[in-house]
Enquirer: 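Input: one structure, supplied below.
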Amino acid sequence: MSPQYWLMKSEPEECSIDTLAALPGQRVPWTGVRNYQARNFMRDLMRVGDGVLFYHSSCAEPGIAGLAEVASEPYPDPTQFDPGSPYFDARSTTERPRWLLRDVALRRKTPLLSLRAMRAAPTLSSLQVLRPGNRLSITPVSPAEWDAVLTLLDR
DNA sequence: GCCAACGTTGGC
DNA sequence: GCCAACGTTGGC
């Protein structure tokens, strides 16, 4: 199958592109997703090696801050079992975990492609994350959209 | 801090 | 299974 691509939102205060770059192996378990559609993307549709647009959200300068890739098969999000975590889910058990995640590994940090620049680019007008009211933290990206991002970053 | 969008919850 | 209330997201 041809490669697939994703856009994944991260709040820089939680995990910025620099946070990721400083982690061992430059990889991070994508914890804290508590939306079924986003979970299903990670559990069912992602494949190891898929490209990821690493997007900074809920911050002063939202936008794409780097390129990454899916780096593991799905496995249970450990934070769902931790009563001290804000992501604790009492309905989950180790036998029947509700939330599965993937590891994400850095490819490279990029100059910030700001949300404003993304909205201004005709080649990105179809991006799901740009649709009004979109709140999904993980969205699919088409090969054409991925190529368009790379083109914009190369300028 | 505002507010629109929209997913989730829970009573019925 | 409907749907109103509520909570969260996230740009501005």
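Chain letters run A, B, ... following the sequence lines, proteins first, then strands; residues in each count from 1.
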Enquirer: Of the options dG10(C), dG11(C), dT9(B), whose atoms approach the side-chain atoms of Pro62(A) most closely?
Expert: dG11(C)
Enquirer: Tell me: CH2 of Trp99(A) to C1' of dG7(B), nearest whole Å?
Expert: 11 Å
Enquirer: If you only use heavy atoms from C-beta on, which nucleotide in dT8(B), dG11(C), dG10(C) is closest to the side chain of Tyr55(A)?
Expert: dG11(C)
Enquirer: When the distance from CD of Gln128(A) to P of dC6(B) is rounded to whole Å, what number comes out?
Expert: 11 Å
Enquirer: Should Lys9(A) be listed as having a side-chain N or O under 4.0 Å from OP1 or OP2 of dG10(C)?
Expert: yes
Enquirer: Taking NE2 from His56(A) and P from dG11(C), how many angstroms apart are they, rounded to a whole number?
Expert: 12 Å
Enquirer: How long is the line joining CG of Leu130(A) and C1' of dA4(B), in whole Å?
Expert: 17 Å
Enquirer: Under 3.5 Å, is there a donor-acceptor pair between the Ser92(A) and Gln80(A) side chains?
Expert: yes
Enquirer: Between Arg27(A) (side chain) and Ala71(A) (backbone), is there a donor-acceptor pair under 3.5 Å?
Expert: yes
Enquirer: Side chains of Trp146(A) and Leu53(A): closer than 4.5 Å at any heavy-atom pair?
Expert: yes
Enquirer: Can you measure Leu7(A) atom CG to dT9(C) atom P for me and round it to whole angstrom units?
Expert: 17 Å
Enquirer: Here's a test for you: under side-chain hydrogen bond (donor to acceptor under 3.5 Å, both in side chains), which of Asp77(A), Thr79(A), Asp89(A), Asn35(A) qualifies with Trp99(A)?
Expert: Asp89(A)
Enquirer: For Arg39(A), which contact category applies under a 4.0 Å heavy-atom criterion: base, sugar-phosphate, or nothing?
Expert: nothing
Enquirer: May I have the distance from Arg135(A) (atom CZ) to dG7(B) (atom C1'), rounded to whole angstrom?
Expert: 5 Å
Enquirer: Among the candidates dC12(C), dG7(B), dG10(C), find the nucleotide nearest to the side-chain atoms of Arg119(A).
Expert: dC12(C)
Enquirer: Check the distance between dT8(C)'s P and Glu14(A)'s CD and give it to me in whole angstrom.
Expert: 15 Å
Enquirer: In whole Å, I'd like the distance from the CG atom of Leu115(A) to the P atom of dT9(C).
Expert: 18 Å
